[in-house]
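To start, the structure itself, in structure tokens.
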Amino acid sequence: MKYKLLAAAVAASLGLMGCSQPDTSAEQKAAPAAQMAPKGDAELGSFGVELSARDESIKPGDDFFMYASGTWYENYELPADKTRFGAFTALADRSEEQVKSIIDGLVEKENLNADEKLVRDFFVSYMDVETINEKGITPIADVLETIKNISNTTELTEVFGKSWLTNTSSPIYSGLWYNRLDPNEYQLSVGVGGLGLPDRDYYLSDSERFVNIREAYVAHIEEMLAFAGEENAAEKAQDILGLETKIAEAQWPREKRRDRDLTLNQIERSKLSDTYPGFDWDTFLTQTGYAVPELNISQPEPINGVIDIINETSLDDWKSYLTYHTITNNAGLLSEEIYAADFNFYGTTLNGQQEPRPRWKRALSQMSGTESLGFALGKIYVDEYFPESSKAQMAELVENLRTALGERIDNLDWMSEDTKVNAKEKLMAFRPKIGYPDQWQSFEGLEISSDDVVANVHNLRTFFRNQSIEKELQKTDRERWGMTPQRVNAYYNSSFNEIVFPAAILQPPFFDPNADPAVNYGAIGAVIGHEMGHGFDDQGSKSDAKGIQRNWWTDADRAAFEAKADALAEQYSQYEPIEGNFVNGRNSLGENIGDVGGLAMAYHAYKLSLNGKEAPVIDGLTGDQRFFLAWAQVWREKRTEQSMLNQLRAGTHAPGRYRAQAPRNHDAWYEAFNVQPGDALYLAPEERVRIW
């Protein structure tokens, strides 16, 4: 489902990198964030910072990103199969190598348990290029035939409703999530999606860059339709672009879609047709299999707009649209010829990726998700690569950060005592999940073969959908993890008020039990603080200690908070990575609050850890300097311009270069690096945004 808008409920679970995959891969049609870790023979300080990465000819106050990592940035060559590289990418690569080693062992092993056999057989089926090439497009021929035979809107609606299985696109989507007013209940979230380009701006901007992208997109659609033997493919490609442009026009801008007040619109299932008429909701929802009696509509006006588009567009245009999206969304499972054509646009044109990732890495991406075989792999990964001592040490760090944030809340001069009570209650209710789940996913009843990858993917989708249907009317499962242990990321789930740190991120440069405390607090400490910060960012702060979306603020305190948030949004909106293309400070606000607030929490916790003693000077650097350098080197990255554009237009995070500059809001950074008025990053004390 490339670039299909996620349900607002899913977007509410905010990750350190936006719950993204470790690296751009055209088969996933996304451009997730990633960074750089020390590797090879890099000169590491005795404390864990990579000294040779610095460019000391640049003043820290002019560009802290380049001061901390400029030598690395100028000399690092981006591999042809990547669109970005940095600390997250390096760890993701390491994790992939470890998982690949696990699978290689399973391929050679004779006596496999049930889960191991599932993993081995899926991997073998994905790597069987000869069989996949022989089949060509035939594995999805039945879906294409169903689309071709659509003769009325009821049959069209059935295909829309079944897109979760066939992986075609639908302008209206649905997904099961948590009831934001009662997190103990599941609820179906319904929204608007169905675009093939990263965001609505790609359709609506008149700039030459986006005009050229649209021209390339039409050529790509024509090429993909040819694989299905479509006649008049060039004309149909233009019609598809026109149809998707109408859908884009109906959608809310991205910054509006993240407003949790606007996206909370609950309605009884029985009243859908009265409130949103003109669409066969019964037929659509029957295809999902879910029976939950209440839904949430994430974009009310756009839903009505899209219903009009559905009814005003000819069946022939919808059939062309569905044919194209079925082919391109499944291209990674089809022949190399089809995949190469798809990669040429989504990999190279949109992201600047010159070569596909190795096939074995694409196989791991396909099988490593939470609704694939990710937890079967994760269980083995934890046993082989995650020391139990790291879990205990990480838990201690979390509690140190909790203490630090509690003290900071007590000392806030802009928040009243009444609101502080609620804030402290929420903080104390934070539940950390570290490393891996206490209860592992069961795969009993799942069938996987070694010679049919498309059937395997369909079996997985059906298996997890059936499990979801079994649980939909039960109390929500708070032991569920939204990431697998081998995933290099972290996230906050507002519905459960939980912060989650998979095992794979708990290694250098983020976390090293033997590293200097300044480095650990500047890296993993700030990561912990970032996730805690999501509970108190502009959207996460709309839920209380129990995960219920409600206003627990006084009006005056909320106004004071929003004034600070507005100032931070304005600050980040000044950054211009590509001429004419700025960071969207409003859309990235939650992540920026997480960074600025998390850094403040981590620094406070670091100071507490010193117990009043002065930190030693190591390799000529003070403790404060090492702390902020660790932060900046976590966020260094190198990326293609196309990938940067995707991040600016469709992502919720500021690029790493600007995340590294977050210390400009902290007084201690100015003192540590003697930053003075006139330096490019200098902010007068009254302009520094201090929220948490």
Side-chain angles (χ1 to χ4, degrees), residues 1 4-13 152-166 168-194 247 250-252 257 259-311 318 371 461-462 464-478 480 493-496 543 547-550:
M1 279 191 257
K4 194 178 293 183
L5 299 178
L6 296 178
V10 175
S13 285
N152 53 57
T153 54
T154 298
E155 292 173 353
L156 175 66
T157 305
E158 288 176 350
V159 174
F160 287 157
K162 209 71 172 180
S163 60
W164 63 269
L165 176 61
T166 61
T168 189
S169 291
S170 171
I172 295 177
Y173 68 79
S174 65
L176 197 69
W177 196 243
Y178 311 116
N179 182 343
R180 284 194 249 161
L181 298 183
D182 183 359
N184 289 319
E185 294 180 352
Y186 289 109
Q187 189 175 74
L188 207 60
S189 181
V190 177
V192 173
I247 297 173
Q251 292 179 358
W252 283 345
R257 297 199 298 269
D259 189 326
R260 301 189 79 213
D261 291 329
L262 298 178
T263 59
L264 181 62
N265 306 281
Q266 297 187 345
I267 184 172
E268 293 179 17
R269 186 167 178 163
S270 60
K271 296 180 179 178
L272 267 176
S273 296
D274 294 333
T275 309
Y276 303 96
F279 186 67
D280 190 348
W281 289 104
D282 287 340
T283 294
F284 177 79
L285 293 175
T286 296
Q287 310 310 309
T288 71
Y290 293 121
V292 284
E294 189 177 61
L295 300 88
N296 183 63
I297 307 297
S298 63
Q299 297 183 55
E301 296 87 358
I303 285 285
N304 281 321
V306 166
I307 289 174
D308 289 340
I309 294 170
I310 292 172
N311 292 324
W318 279 120
E371 293 199 350
R461 291 176 185 150
T462 302
F464 281 101
R465 177 56 59 102
N466 289 341
Q467 282 201 342
S468 183
I469 290 171
E470 288 177 7
K471 297 178 180 179
E472 64 171 325
L473 299 180
Q474 300 175 15
K475 189 175 181 180
T476 53
D477 179 10
R478 292 179 180 264
R480 177 187 180 275
N493 177 3
S494 60
S495 292
F496 290 171
S543 295
I548 298 170
Q549 185 169 330
R550 69 174 183 86

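Of the residues listed (Arg180, Glu472, Gln266), the one engaging Gln187 in a side-chain contact (heavy atoms from CB on, under 4.5 Å) is Gln266, and it is the only one.
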- Task: Just do the side chain to side chain contact (heavy atoms under 4.5 Å, CB included) check on Leu285 and Leu188 with the steps written out, would you?
- Result: CA-CA 10 Å; Leu285 293 175; Leu188 207 60; 3.6 Å; yes
- Message: Please determine whether side chain to side chain contact (heavy atoms under 4.5 Å, CB included) holds for the pair Tyr173 and Ser298, giving the CA-CA distance in whole Å, both sets of side-chain angles, and the decisive distance to 0.1 Å.
- Response: CA-CA 10 Å; Tyr173 68 79; Ser298 63; 4.0 Å; yes
- Stepwise, does the side chain to side chain contact (heavy atoms under 4.5 Å, CB included) test hold for Val159 with Glu155? CA-CA 6 Å; Val159 174; Glu155 292 173 353; 5.9 Å; no
- Residues Asp261, Gln549; criterion side chain to side chain contact (heavy atoms under 4.5 Å, CB included); working and verdict: CA-CA 9 Å; Asp261 291 329; Gln549 185 169 330; 3.8 Å; yes
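Counting heavy atoms from C-beta on, the side chains of Leu165 and Thr462 come closer than 4.5 Å. Looking at heavy atoms from C-beta onward, Gln251 lies in side-chain contact with Arg257 at the 4.5 angstrom threshold. Inter-residue side-chain proximity for Asn493 and Tyr178 is flagged as met; some heavy-atom pair is nearer than 4.5 Å. Within the 4.5 Å cutoff, no side-chain heavy atoms of Glu371 are placed close to those of Ser468. Considering only heavy atoms from C-beta on, Tyr186 stays 4.5 Å or farther from Trp177 through its side chain.
The nearest pair of heavy atoms linking Arg478 to Ser495 is NH1-O, 4.2 Å. Here the closest non-hydrogen pair linking Trp318 and Ile310 is NE1-O, 3.3 Å. Of all heavy-atom pairs spanning Ile309 and Ala250, the tightest one is CD1-CB, 4.2 Å. Contact detail for Ile303 and Gly191: the closest heavy-atom pair is CD1-O, 3.8 Å. Of all heavy-atom pairs spanning Val306 and Ile172, the tightest one is CG1-CG1, 3.9 Å. Minimum interatomic distance between Asn179 and Leu181 (heavy atoms only, all atoms of both residues): OD1-N, 2.9 Å.
Arg269 places no side-chain N or O within 3.5 Å of a backbone atom of Glu294 that could act as its donor or acceptor partner. Using modelled atom types, one side-chain atom of Asn296 and one backbone atom of Thr263 make a donor-acceptor pair closer than 3.5 Å.
The line from CD1 of Ile267 to OG1 of Thr275 is 3.5 Å long, rounded to the nearest 0.5 Å. Atom NZ of Lys162 and atom OG1 of Thr283 lie 12.5 Å apart (nearest 0.5 Å). Taking CD1 of Ile548 as the start and CG of Asn184 as the end, the distance is 8.0 Å to the nearest 0.5 Å. The line from CG of Leu264 to CD1 of Ile297 is 11.0 Å long, rounded to the nearest 0.5 Å.
Between Tyr290 and Ser174, the side chains place no donor N or O within less than 3.5 Å of an acceptor N or O (distance only, hydrogens not considered).
Relative to the ring axis of Trp164, Arg465 places its NZ or CZ within 45° and under 6.0 Å from the centre.
Aromatic pair Phe284/Phe279: centroids less than 6.0 angstrom apart.
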